[in-house]
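Letters A, B, ... are given to chains in the order of the sequence lines, protein chains preceding strands, and every chain is numbered from 1.
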2 protein chains.
Amino acid sequence: MRVRDDDLDAVTTVEHEDDAYLGEINDIVGFHIRLAHGACYRHFTETFTDLELTQKQVSVMWLVADHPGISQIDLGQKLRMDRATTMTIVNRLQARHYLRREKSPTDGRKQALYLEPAGEAALAEAKKAIREHENWVKSRFTDAEVKTLMELLARIHE
Amino acid sequence: MRVRDDDLDAVTTVEHEDDAYLGEINDIVGFHIRLAHGACYRHFTETFTDLELTQKQVSVMWLVADHPGISQIDLGQKLRMDRATTMTIVNRLQARHYLRREKSPTDGRKQALYLEPAGEAALAEAKKAIREHENWVKSRFTDAEVKTLMELLARIHE
DNA sequence: CTGGGATTGTATGCAATACAAACGAATAGG
DNA sequence: CCTATTCGTTTGTATTGCATACAATCCCAG
């Protein structure tokens with residue numbers, strides 16, 4: 001939102017700050033969503049290097065903990081992932097003995113997912129790290145702004 | 001933010017809407033950023049199937065157009081990508097003759113990037129599609145809300 | 001002017017995510 | 001009972017991201 005005069009001589013060795021002049025692309029909402037997501041993703045990754053968990057993996061464990069016996073398809077719908085993507089994530093978590101699959105007693109096509117003890121422990125650790133990560137995000141906002149931001153974002157993903 | 005009673009019997013065949021009860025994870029800001037980004041990304045991809053361009057590719061072409069002769073490192077800094085990632089994207093665009101590399105006259109280490117005619121044409125098409133995509137995003141907000149959202153998001157990515 | 005350190009581009013490899021297409025097993029509905 | 005649909009699975013492909021290593025170039029101290 002600021003005017004700079006280096007439009008035509010960007011080829012020269014002008015020092016750019018981090019938020020240097022970007023051009024009209026700066027007015028695109030999707031552009032800011034992508035950058036914000038990237039910043040969040042990077043900080044999340046740093047916070048979770050010790051736990052070796054990704055956002056998706058934590059989300060899946062969290063949802064399985066809140067919905068024991070959930071099927072992969074329901075999991076995927078809640079997190080907006082297709083079946084194949086859900087598979088690979090569940091596979092990884094199962095390989096690490098963080099959760100297990102059982103045949104659903106009510107529908108033979110479905111798998112019922114449950115956290116294993118190791119998964120419960122990992123999720124507990126993850127929630128601590130999440131709290132830290134959330135504080136990092138929220139540190140730049142008032143409570144009212146956080147509320148506003150979540151409402152606006154929710155409107156995008158329905 | 002609504003209470004549902006299927007916490008304990010999610011294993012039964014309960015119909016879930018898209019925004020079905022998620023649990024406490026629903027209060028995590030990062031979670032909503034990720035979902036909103038995913039929704040944006042999917043709509044973007046649909047809008048751009050004909051052009052065969054990704055968000056990153058469009059962003060790179062757009063910035064090169066606004067900053068002719070920009071180096072890869074400056075490009076990467078503006079879009080928060082590391083050198084290797086920037087490389088692969090520039091490689092792909094160069095292979096499609098959308099942009100070209102020239103040695104920078106002022107710094108022998110740098111490449112100066114310029115759009116090729118095919119790239120100008122593709123970018124012009126892309127901007128039309130972006131407009132459509134932006135309308136999709138903005139359709140659920142007032143102008144004031146859009147402004148608020150962008151300001152809040154900008155605070156996250158600095 | 002020269003040598004060492006920093007920067008830039010390049011190349012390679014690995015991991016995570018995303019989606020499409022296909023298949024088999026199981027279910028649901030007429 | 002037959003057919004269409006759903007769910008899980010497998011396979012393949014593409015994009016993105018990061019780490020590492022290397023060569024060329026630049027910059028600065030001495």
> Any ion pair linking A:Glu125 and A:Lys128 (charged N to carboxylate O, less than 4.0 Å)?
Replying inline: yes
> Which is true for A:Thr85 with a 4.0 Å heavy-atom rule: it touches a base, it touches only sugar-phosphate, or it touches nothing?
Replying inline: base
> For the pair made of NE2 in B:His37 and P in C:dT17, what is the distance, rounded to whole Å?
Replying inline: 13 Å
> On DNA chain C, nearest-nucleotide positions of A:Arg92 versus A:Gly108: which is more 5'?
Replying inline: A:Arg92
> Between atom CG in B:Asp82 and atom P in C:dA11, what is the gap in whole Å?
Replying inline: 15 Å
>> Please pick, from D:dT25, C:dT17, D:dT10, the nucleotide with the shortest atom-to-atom distance to any side-chain atom of A:Gln57.
In response: C:dT17
> Would you say D:dT9 has OP1 or OP2 under 4.0 Å from some side-chain N or O of A:Gln72?
Replying inline: yes
>> Please tell me if B:Gln55 has a side-chain N or O lying less than 4.0 Å from either OP1 or OP2 of D:dT16.
In response: no
>> Within the 4.0 Å heavy-atom criterion, would you say A:Thr45 contacts the bases, only the backbone, or no part of the nucleic acid?
In response: nothing
>> The side chain of B:Met81 is closest to which nucleotide in this list: D:dC26, D:dG8, D:dG17?
In response: D:dG17
> Between A:Ile73 (CD1) and C:dA26 (C1'), how many Å, whole number?
Replying inline: 14 Å
>> I'd like to know if B:Arg109 reaches the base of C:dG9 with its side chain such that a donor and an acceptor end up less than 3.5 angstrom apart.
In response: no
> A:Leu93 has an atom CG; how far is it from atom C1' of C:dA16, in whole Å?
Replying inline: 12 Å
>> C:dA18, OP1 or OP2 - any side-chain N/O from A:Lys56 closer than 4.0 Å?
In response: yes
>> Rounded at 0.5 Å granularity, tell me how far CZ in B:Arg100 sits from CD in B:Glu116.
In response: 5.0 Å
> In terms of the nearest nucleotide of DNA chain D, which residue is placed more toward the 5' end: B:Ala84 or B:Glu52?
Replying inline: B:Glu52
> Between A:Lys103 and A:Arg83, which has a closest nucleotide on DNA chain C that is more 5'?
Replying inline: A:Arg83
> Heavy atoms under 4.0 Å, any strand shown: does A:Arg101 hit a base, just sugar-phosphate, or nothing?
Replying inline: sugar-phosphate
> B:His43 versus B:His133: any side-chain heavy-atom pair under 4.5 Å?
Replying inline: yes
> Within this structure, what is the CE-to-P distance between B:Met87 and D:dA23, rounded to whole angstrom?
Replying inline: 16 Å
> What is the distance, rounded to the nearest whole Å, between atom NE2 of B:His43 and atom P of C:dA18?
Replying inline: 18 Å
> Separation of B:Lys110 atom NZ from D:dC26 atom P, in whole Å?
Replying inline: 11 Å
> To the nearest 0.5 Å, how far apart are CD in B:Gln72 and CZ in B:Arg83?
Replying inline: 10.5 Å
>> Using 0.5 Å steps for rounding, measure from the CZ atom of A:Arg34 to the OG atom of B:Ser59.
In response: 3.5 Å
> Which whole-number value in Å describes the distance from B:Leu75 CG to D:dT16 P?
Replying inline: 13 Å
